[in-house]
Structures are given as structure tokens and as C-alpha cells.
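Fair warning: this is a prediction, and the values are worked out from it, not measured in the lab.
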Amino acid sequence: MHKILVIDRCHFTRTGIEALLNHSGRFNSSFLVSGINNLLLAKEHISQWKPHLVIADLYGFLSDVHSSPPIAPFFMSCGPIPLILLQSGDREPVPAHNPQYSIHSVLSKRTLLTELSDSIQDALRVRPALKTTKNATPLLTPQEEKVQSMWMDGVSNNAIAAALGIHGKTVYTYKRNIRIKLHLGNRFSPFLSLPEKMN
């Protein structure tokens, strides 16, 4: 089983790539897919979870107020892990020609699914051997990922509880567990790299 980390601000891209990997019939192996919508969380996730491949749209993070600090350390955190960069829109690509980075390919988000599938298979075939545990488990549980995603979207605790059918105090417990697992200093840490909203 291969572990794939998908980093994208867009929920539909994250879930779409997971569906492509596990439900399209294009691949012979199964995948454990984790989606993240924040570069600071992604960096920590890479170092702890050690995915076999990272698929990322970094272009959504270029407009961040704090864009220069998170993107460079993100590349460094990938190390030898193959990286497929997705380019959204007509923006200039993120610099991808540094030999320190293991960028496998740069594709447009408008790329055909067959080309994306071929690139994923090729990246997994040529990736260097990584020392990983045989037990491939995600860093966050599926319920914690749902809470984290809604939390990052600014949804209130009561709304998260109602959407997930859990008690309001349980949301606090999930948030505490997420902060502990991701080594976040306080409850505002996940928002440090988010863009400021325009009024």
C-alpha cells in the first residue's frame, strides 16, 4: 500500500485525487490518501507520516501574506520524496529546478486524468527506497481530518458538532488531539499561513 499526501486548498481536488487513486480502476495497488489544506501542517505531516508521494498545488499559497517562509521549508521537508506539482490557472510556476528537490513533474490542473495517472505511476516506480514502517496509518483519524478541514475553513465548534453528529465538547477534544499530533503550540497555529480575508 502506498501513502499519498495531497496538498491543496481546494477540497474537491483533494477528494477528487483520492477518488482517482482508489476508485477509478486505473491503478493495480491500493492507496492510503491524506489531504491537507495548509503548508505548515503539510510540512509536519510529511516529516511524521513519510508518504511515498506528494501531490501539491502550491499556487494557492503564493498569495498568502506569509508566502515566502512556508514554501521554501515545504520543499526542504519533501527531501527524496517524489513531488508532483499541480499548476492552477495561468500563474507562473513555482520554481522547480533546484536539484535539492525531488520534483517529479509539473502538471496543469487541466491535465487529462490519464496523464496524471501515468505521472503518479511513474513517480512511484522511480522513487528512492524509503525507510517506512510496514503499518501504513494516517497521522489523523478520518474524523479528526473532517474536524481539521472544517476548523481550517472557519466553521464554528457548534456547526462542526452539528455537521458530524457529535457533542460540542467532543469537538474541543478532537482539536486538542489534532494540535498534539501535529505539534502545534496553540489553537491559532493552524491559521498562521492562511491569507488575510479582504473586507
(Q) For the backbone of Asp8 and the side chain of Arg14, can you confirm whether one donor and one acceptor N or O come within less than 3.5 Å of each other? (A) yes
One should read off an interatomic distance between Lys3 NZ and Ile46 CD1, to the nearest 0.5 angstrom, of 12.0 Å
d(Lys109 NZ, Leu116 CG) to nearest 0.5 Å is 11.0 Å
Hits for salt bridge (charged side-chain N to carboxylate O under 4.0 Å, His left out) against Glu18, two or more places apart or cross-chain, chain-then-number order -> none
Note, Tyr174 side chain near Ile166 side chain (heavy atom, < 4.5 Å):
yes
Here the pair of heavy atoms bringing Ala42 nearest to Ile7 is CB-CD1, 3.6 Å
| message | So Asp57 and Thr13, do their side chains get closer than 4.5 Å, heavy atoms only? | response | no
Side chains of Lys175 and Val147: closer than 4.5 Å at any heavy-atom pair? yes
Residues passing the ring-ring contact (aromatic ring centres under 6.0 Å, His included) test with Phe27, sequence neighbours excluded, are Phe31
pair Gln143-Thr170: side-chain heavy atoms closer than 4.5 Å: no
Practice prompt. Answer whether the closest heavy-atom distance between the side chains of Ile17 and Leu86 falls below 4.5 Å.
Written response: yes
Rounded to the nearest 0.5 angstrom, the CD-CE distance for Gln148 and Met150 is 10.5 Å
Can you tell if the side chain of Arg26 reaches within under 4.5 Å of the side chain of Ile120, non-hydrogen atoms only?
no
Side chain to side chain contact (heavy atoms under 4.5 Å, CB included), that's the test. Do His2 and Leu53 meet it? Break it down for me. CA-CA 8 Å; His2 291 101; Leu53 173 66; over 6 Å; no
Nearest heavy-atom contact between Ala56 and Leu83 is CB-CD1, 4.1 Å
Of all heavy-atom pairs linking Ser105 and Ser119, the shortest is OG-OG, 2.7 Å
Are Trp49 and Ile36 packed together at the side-chain level, in the sense that at least one heavy-atom pair is separated by less than 4.5 angstrom?
no
When every non-hydrogen atom of Ile84 is compared with those of Ala123, the smallest separation belongs to CD1-CB, 4.3 Å
Sequence neighbours excluded, the answer for side chain to side chain contact (heavy atoms under 4.5 Å, CB included) partners of Thr111 is Leu107, Ser108, Glu115
Rounding to 0.5 Å, atoms NZ (Lys50) and CG (Leu5) come to a distance of 13.0 Å
- Can you tell me if Ser24 uses its side chain to pair, donor with acceptor, with the backbone of Leu21 under 3.5 Å? no
Note: Ser117 and Leu20 closest approach over all heavy atoms is OG-CD1, 3.7 Å
Margin query: Same cluster or not: Tyr172 versus Ile160, using hydrophobic residues (I, L, V, M, F, W, Y) connected whenever any side-chain heavy atoms lie under 4.5 Å apart?
Written below: no
* Asked: Just wondering, do Pro51 and Ile4 contact through their side chains at under 4.5 Å, heavy atoms?
  -> no
